[in-house]
Structure formats: C-alpha cells, structure tokens
Amino acid sequence: STASLDNLSDADSNIDEDGVVATFFNTLDRNVRVFKTHPMTGEQIQLSHNISPGRNGRLLVNHDDVLVAYDRLGNAVKKFRVAAEESVDFEI
C-alpha cells in the first residue's frame, strides 16, 4: 500500500520500510490525480489529491508499483512504473 508523505500513519504499516519517494510534476493545463494499480486485482487506488497545473506532489510508493495519472474527467493521461529504489521524479 502507499500513502502521501503528508499523511503517514500506523494504518500505513504495510508500506515498505525503504519506500520510494516519487515526485510528480504536473506540466498539463489541468489538475491530475495519481492512482496505484493493485498488482493482484487491478483495482485503482487513489494516492493523491489534485495536483494543480505547474505544481508537484510527493508520494511514498514501493519499488515496482504501477501508477497512473488521471485528469479530472477520469482520462488516463500517463502511466508509470516505479523502477527506482530511493527516489524518482515523474513528469505528467
């Protein structure tokens, strides 16, 4: 599971202790939200609130997570796979 860096709690205890800090830079002209695709069920799990145009959002994720950025209309705008071990930057 994954959690926002601003909202870590004991409920997020199944995050890898050595999680990956992922920073998402929104270069689009509209808000986006980042979701994780559950590896077993394919369920989309929302990880972020809206990331405004020109802003960035930081999330704590796991190595090999598959992440998808969606716009406010629910259109998938970009898909990412976390290959880094410590930190990674993604441009949307």
Side-chain angles (χ1 to χ4, degrees):
S1 180
T2 312
S4 166
L5 288 178
D6 298 327
N7 191 25
L8 295 177
S9 70
D10 291 338
D12 300 313
S13 60
N14 56 349
I15 294 174
D16 286 351
E17 193 168 304
D18 297 322
V20 178
V21 176
T23 304
F24 295 86
F25 297 94
N26 183 2
T27 63
L28 302 176
D29 61 355
R30 58 198 181 273
N31 290 341
V32 295
R33 291 178 293 157
V34 178
F35 289 72
K36 173 185 174 179
T37 303
H38 189 281
M40 303 298 276
T41 66
E43 176 187 6
Q44 297 290 307
I45 304 161
Q46 184 174 336
L47 301 181
S48 76
H49 295 290
N50 284 330
I51 302 172
S52 302
R55 303 296 303 243
N56 64 65
R58 293 176 62 189
L59 300 169
L60 185 62
V61 297
N62 294 316
H63 178 75
D64 280 339
D65 278 353
V66 175
L67 309 172
V68 182
Y70 290 93
D71 67 13
R72 64 185 170 89
L73 299 175
N75 299 312
V77 293
K78 202 152 188 187
K79 186 175 184 178
F80 310 92
R81 177 176 214 105
V82 180
E85 297 288 342
E86 292 181 13
S87 66
V88 63
D89 294 342
F90 294 115
E91 187 173 292
I92 301 170

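Just so it is clear, the structure is predicted and the values come from calculations on it, not from any experiment. Throughout, numbering of the chain's residues begins at 1 and tracks the sequence.
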- Quick one: sort the Phe24 and Phe80 rings into parallel, tilted or perpendicular, breaks at 30° and 60°. perpendicular
- Treating Ile, Leu, Val, Met, Phe, Trp and Tyr as nodes and any side-chain heavy-atom pair under 4.5 angstrom as an edge, say whether Leu47 and Val66 lie in one connected cluster. no
- Task: Scan Val21, Val34, Val82 and name whichever one has a side-chain contact (heavy atoms from CB on, under 4.5 Å) with Val61.
- Result: Val82
- Straight-line distance of Leu73 CG to Arg30 CZ, nearest 0.5 Å: 8.0 Å
- Item | Spacing of Glu85 atom CD and Asp64 atom CG [to the nearest 0.5 Å] | 8.0 Å
- Spatial distance of atom CG (Asp71) from atom NZ (Lys78) [nearest 0.5 Å]: 14.0 Å
- Looking only at heavy atoms, which two atoms of Asn62 and Val20 are closest? And how far apart? C-CG2, 4.3 Å
- Note on the structure: When rounded to the nearest 0.5 Å, the distance separating CD1 of Ile92 from OG1 of Thr27 is 7.5 Å
- Taking atom NE2 of His38 as the centre, report whether more than 12 heavy atoms of other residues, nucleotides or ligands fall under 6.0 Å from it. yes
- Among the clusters formed by ILVMFWY side chains lying less than 4.5 Å apart, do Ile45 and Val68 turn up in the same one? no
- Query: Does Arg81 pair with Asp65 as a salt bridge, N-O distance under 4.0 Å?
  - Reply: no
- Note on the structure: Closest non-hydrogen contact found for Pro53 with Asn26 is N-ND2, 3.5 Å
- Okay, side chain of Asn50, backbone of Asn31: is any donor-acceptor separation there less than 3.5 Å? no
- Determine, using the 4.5 Å side-chain heavy-atom cutoff (strictly less than), whether Val77 and Phe35 are members of one ILVMFWY cluster. no
- Message: Just to verify, which of Gln46, Arg33, Gln44 counts as forming a side-chain hydrogen bond (donor to acceptor under 3.5 Å, both in side chains) with Tyr70?
- Response: Gln44
